[in-house]
Structure formats: C-alpha cells, structure tokens
Amino acid sequence: MPHRRWNPLLREWVLVSPHRTQRPWLGQVASAAVTPQIEYDPACYLCPGNCRAGGFRNPAYTSTFVFDNDYAALLPDARHLEIDQGGLIVARGERGICRVVCFSPRHDLTIPRMKPEELRQVIDVWTDQYRELGALPWVRHVQIFENRGALMGASNPHPHCQIWANEELPNQPARELAAQREHQQAHGQCLLCKYLSMELESRERIVCENAGFVALVPYWAVWPFETMILSRRHTPSLPGLSDAERDDLAAILRGLTIRYDNLFTTSFPYSMGFHQQPTDGEPHPEWHFHAHYFPPLLRSATVQKFMVGYELLATPQRDITAETAAGHLRELSEVHYLDRT
Ligand SMILES: [Zn+2]
Ligand SMILES: [Zn+2]
Ligand SMILES: [Zn+2]
C-alpha cells in the first residue's frame with residue numbers, strides 16, 4: 001500500500017509506492033559506467049606528475065595526495081558581504097577552503113578495489129584533514145564527500161573525493177544538528193543510537209556489519225539503494241574513532257561498495273559523504289558519526305532514478321521499499337565481480 005515514511009534526521013516525509021515497481025520502463029537509458037582500465041592516464045589532471053589547470057604540476061605522489069582545488073567554490077579570503085532587503089533579498093559572504101583528495105596514484109583504483117590497508121591510509125588522511133581544517137578558528141563545518149561516476153557529474157574518473165570547509169553550517173547538517181539536539185533534550189538519548197538499536201533488533205534493513213560499524217538502508221531512504229553507515233559506538237567524528245574502528249570503517253566502506261558494484265555488475269555511481277559534528281568549538285554530545293550514500297541507479301546499470309515532477313514540487317517518492325533494497329544488497333557477495341575467476 002502507498003504510504004508515507006518519516007525521516008527523523010531531516011524531519012520530512014518520503015512517499016513510498018511499492019506497487020509501482022511493476023510499471024513498464026519507457027524512460028531514458030543511460031550508458032553503463034566503465035571502470036578505467038589503465039593505471040596511468042597521461043591526459044588525466046589528477047595522475048602523478050601531470051599538469052593541472054593554471055600550470056600546477058602534481059608531484060610524483062605514491063600514496064594519498066591532497067591539494068587545494070584549482071576551481072574552488074569557496075575562497076578563504078572572501079570579502080565581508082551582508083545584504084538584507086526586508087528579509088526577502090538576503091545574502092551573506094561565505095569563506096571556505098576546498099580541497100581534492102586523490103585516493104591513490106592509480107587512475108583505475110576505486111574504493112571497492114583498494115586493499116583494506118590502502119583504504120585505511122585514506123581514512124587517516126580524512127581524519128587529519130578534518131582535524132586540520134576544523135581547527136581553523138573560522139571554520140564551523142568540514143564536509144568530506146565523494147561523487148563517483150559520470151552519472152553523478154564527476155568530472156574526472158581518477159578516484160578522488162573533495163573536502164569543503166566553511167564558515168557556516170550547510171543546510172543538511174544544520175537540519176540534522178537541530179533534530180539530533182532536540183531528540184537528545186527530549187529523550188535524554190542520542191537519536192541515531194536509539195535508531196541503530198531498533199534496526200539491530202528488527203534486522204530487516206541491515207546490509208552488512210562488523211565490530212565497529214553497521215551499514216543499512218534507512219527506513220526513510222529516498223534513493224532506491226540509499227544507505228547509511230553508522231558507528232556502533234556513540235562518537236561524533238573521525239578523530240573520535242579508535243585505531244581498530246578506523247580499520248573497521250575501511251572494511252565496511254569496502255564491503256558496501258563491493259556489494260554496490262556487484263548489484264548491477266558495474267562501477268556503481270553514487271554521492272557519499274560523512275556527517276561529523278560541527279567544528280564550532282562547542283560541545284556536541286548529540287552528534288553521532290555517520291555516512292550517507294546516495295546512488296542514482298534504479299533497476300540496472302543503465303536505468304537511473306530522476307528526482308523530478310512530484311519530487312521537486314511536493315515530496316520525494318520511491319517505488320521499491322527500503323526492506324527490499326536491503327535484502328538485495330545483503331544477499332550479494334563481498335567478492336568483487338572483477339576478482340571472480
Ligand atoms: Zn588519473
Ligand atoms: Zn549516538
Ligand atoms: Zn547525516
């Protein structure tokens with residue numbers, strides 16, 4: 001039966017219409033993502049030793065490589081700006097720093113294809129970056145995110161992510177902060193600790209898990225194969241993770257993304273990112289470290305979901321239920337399809 005589900009983090013509804021999965025598909029068919037097959041591409045501006053825009057040359061880096069984005073959306077020295085015309089025409093200046101993190105020198109090495117120890121190195125770099133940028137007195141939020149695949153608008157296939165650090169809390173983290181804080185105040189308990197305990201009891205939407213983390217399809221998921229990764233222990237950010245938990249995080253990122261690639265035997269596109277406590281110098285006992293994955297694929301490597309029509313004008317809607325999606329992902333192997341003999 002069609003029904004609405006509540007997203008307690010963003011405090012909005014999603015419409016679920018399971019009966020619609022039967023409808024014939026006459027929509028756009030995208031071309032399947034192709035994993036780069038070469039370890040080094042002389043034309044790639046992220047490969048070691050190559051030239052980037054503006055005449056910068058990458059060093060001959062041998063592990064994870066971080067640099068300031070040549071086309072940064074935010075600038076650290078943006079001028080002060082304040083516009084307020086009757087509360088309707090309103091603008092503020094916004095300072096920020098945008099960085100790019102190449103996961104490895106290899107042009108073809110996506111996260112699901114990395115060794116656990118290589119991925120652990122990336123997690124250590126993310127942790128250092130979060131700490132370093134968050135320590136700047138004016139930086140209140142650090143967003144680490146990866147856009148994977150041309151379908152998600154990634155401009156370069158070389159596996160990399162971005163880090164945007166800025167002055168004010170962005171929209172989604174601000175909504176999640178308010179929801180987590182109010183839940184903590186009203187119930188004396190963390191929203192995501194409570195939610196995770198309910199999911200671990202029902203087990204209907206769990207995809208995979210290890211000692212430190214659980215990957216699940218949230219009850220309120222909008223995208224067909226949307227997932228969240230939650231730390232089992234209540235901790236607000238990457239620096240709060242123990243050495244063993246960082247290894248567990250590498251293992252679950254790998255396990256989940258291998259399942260994603262195996263789902264439609266393709267290099268699975270997605271946007272993912274971590275939600276960590278604001279770096280505003282305030283204590284944040286309400287904040288629970290987690291990651292979101294928003295993949296666009298719907299029913300094959302070439303059929304994607306579009307957020308259009310009713311979803312843009314009214315409420316997001318999904319066809320397959322979170323439980324069905326979790327079941328599909330759970331049944332998949334954690335051996336990557338390219339590693340099968
Ligand atoms: Zn490259
Ligand atoms: Zn918690
Ligand atoms: Zn979140």
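In each ligand, atom 1 is the first atom listed, and ligand 1 is the first ligand listed.
Angle ND1(His275) to the Zn ion (ligand 3) to NE2(His292): 100° [nearest 10 degrees]. Rounded to 10°, the angle formed at the Zn ion (ligand 1) by Cys47 SG and Cys44 SG is 110°. Geometry at the Zn ion (ligand 3): NE2/His290 and OE1/Glu176 form an angle of 100°, nearest 10 degrees. Remark: at the Zn ion (ligand 2), atom SG from Cys190 and atom SG from Cys193 enclose 110°, rounded to the nearest 10 degrees.
In this structure, His275 and His290 have perpendicular ring planes: the angle between them is above 60°, well past the 30° mark.
The residues Arg5 and Glu323 are annotated as salt-bridged, a charged nitrogen and a carboxylate oxygen being separated by less than 4.0 angstrom.
Side-chain contact, Asn147 with Ser271: a donor N or O sits under 3.5 Å from an acceptor N or O. Checking Tyr260 against Thr227 by side-chain atom types alone, a donor-acceptor pair falls below 3.5 Å.
Remark: Arg52 qualifies as a cation-pi partner of Phe67 under the 6.0 Å distance and 45° angle criteria applied to the six-membered ring.
Looking only at its N/O/S atoms, His288 has ND1 as the one nearest to the Zn ion (ligand 2). For the Zn ion (ligand 2), the nearest N, O or S atom contributed by His234 is named ND1. Nearest to the Zn ion (ligand 1), among the N, O or S atoms that His158 has, is ND1. Atom ND1 is the N, O or S atom of His107 at the shortest distance from the Zn ion (ligand 1).
Remark: side-chain polar atoms of Glu118 are paired, donor with acceptor, to backbone N or O of Lys115 under 3.5 angstrom.
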